[in-house]
Amino acid sequence: MAGALNTLDRTGSGKLGWVDPYGDTLFNEQEAQVARQEVAALTQRCTDEQQKAALLDLAELLEACAATPGSYLWFMGD
């Protein structure tokens, strides 16, 4: 998944660009909702099957977070 997220513009308005591969990143349910839409677009551009599978797993986690008020999704960096 890190390889797919590294293709994103870190200075843009998207939420997935905020994910720090070396540190921890926290999304609340509103941020997860926005990021979920970004994952759909990123998955369509992805050509690596392993990265695509990771992005589909991420989409499920983001969807669960977005659907649960008061929830958070943690990204744990290296």
Side-chain angles (χ1 to χ4, degrees):
M1 179 172 36
L5 295 181
N6 281 338
T7 65
L8 297 171
D9 179 11
R10 300 215 181 273
T11 60
S13 61
K15 301 296 182 194
L16 288 177
W18 293 3
V19 176
D20 181 356
Y22 305 105
D24 298 343
T25 306
L26 176 69
F27 282 1
N28 64 26
E29 73 268 14
Q30 291 90 10
E31 293 165 330
Q33 177 66 31
V34 174
R36 189 171 62 111
Q37 297 165 358
E38 292 176 65
V39 168
L42 189 58
T43 302
Q44 291 178 356
R45 294 190 322 240
C46 188
T47 57
D48 181 279
E49 290 302 317
Q50 212 170 18
Q51 286 181 359
K52 189 178 275 190
L55 289 170
L56 292 173
D57 288 343
L58 174 59
E60 288 181 24
L61 293 171
L62 289 166
E63 186 172 337
C65 181
T68 309
S71 65
Y72 294 92
L73 181 61
W74 282 92
F75 294 85
M76 307 302 280
D78 283 342

Gap between atom [atom2] of [Y] and atom [atom1] of [X] - 0.5 Å precision:
X	Y	atom1	atom2	value
Q44	K52	CD	NZ	8.5 Å
Q51	L58	CD	CG	12.5 Å
L16	L42	CG	CG	7.0 Å

Which pairs of donor and acceptor atoms, one on a side chain in residues 59-72, lie under 3.5 Å apart (sequence neighbours left out)?
unit_1, atom_1, unit_2, atom_2, d
T68, OG1, A64, O, 2.8
S71, OG, C65, O, 2.7
S71, OG, T68, O, 2.6

Partners meeting side-chain contact (heavy atoms from CB on, under 4.5 Å) with E31 (sequence neighbours left out): K15, W18, F27, N28
Hydrophobic cluster partners of Y22 (side-chain heavy atoms under 4.5 Å): none
Qualifying ring-ring contact (aromatic ring centres under 6.0 Å, His included) pairs with a residue from residues 38-64, counting only residues at least two apart or across chains: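 Listed by first then second residue: nothing to list.
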Where at least one partner belongs to residues 43-64, residue pairs that pass ring-ring contact (aromatic ring centres under 6.0 Å, His included), sequence neighbours excluded: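 Counting only pairs at least two positions apart or across chains, no ring-ring contact (aromatic ring centres under 6.0 Å, His included) contact touches residues 43-64.
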Cluster check V19, W74: I/L/V/M/F/W/Y, side chain < 4.5 angstrom: no
For the student: nearest non-hydrogen atoms of D48 and Q50, plus distance: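 That would be OD1-N, 2.9 Å.
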Heavy-atom closest contact (T25 atom, D20 atom, distance):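 Heavy-atom minimum between the residues: OG1-N, 2.9 Å.
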Flag, side chain of D24 to backbone of G77, donor-acceptor distance under 3.5 Å: yes
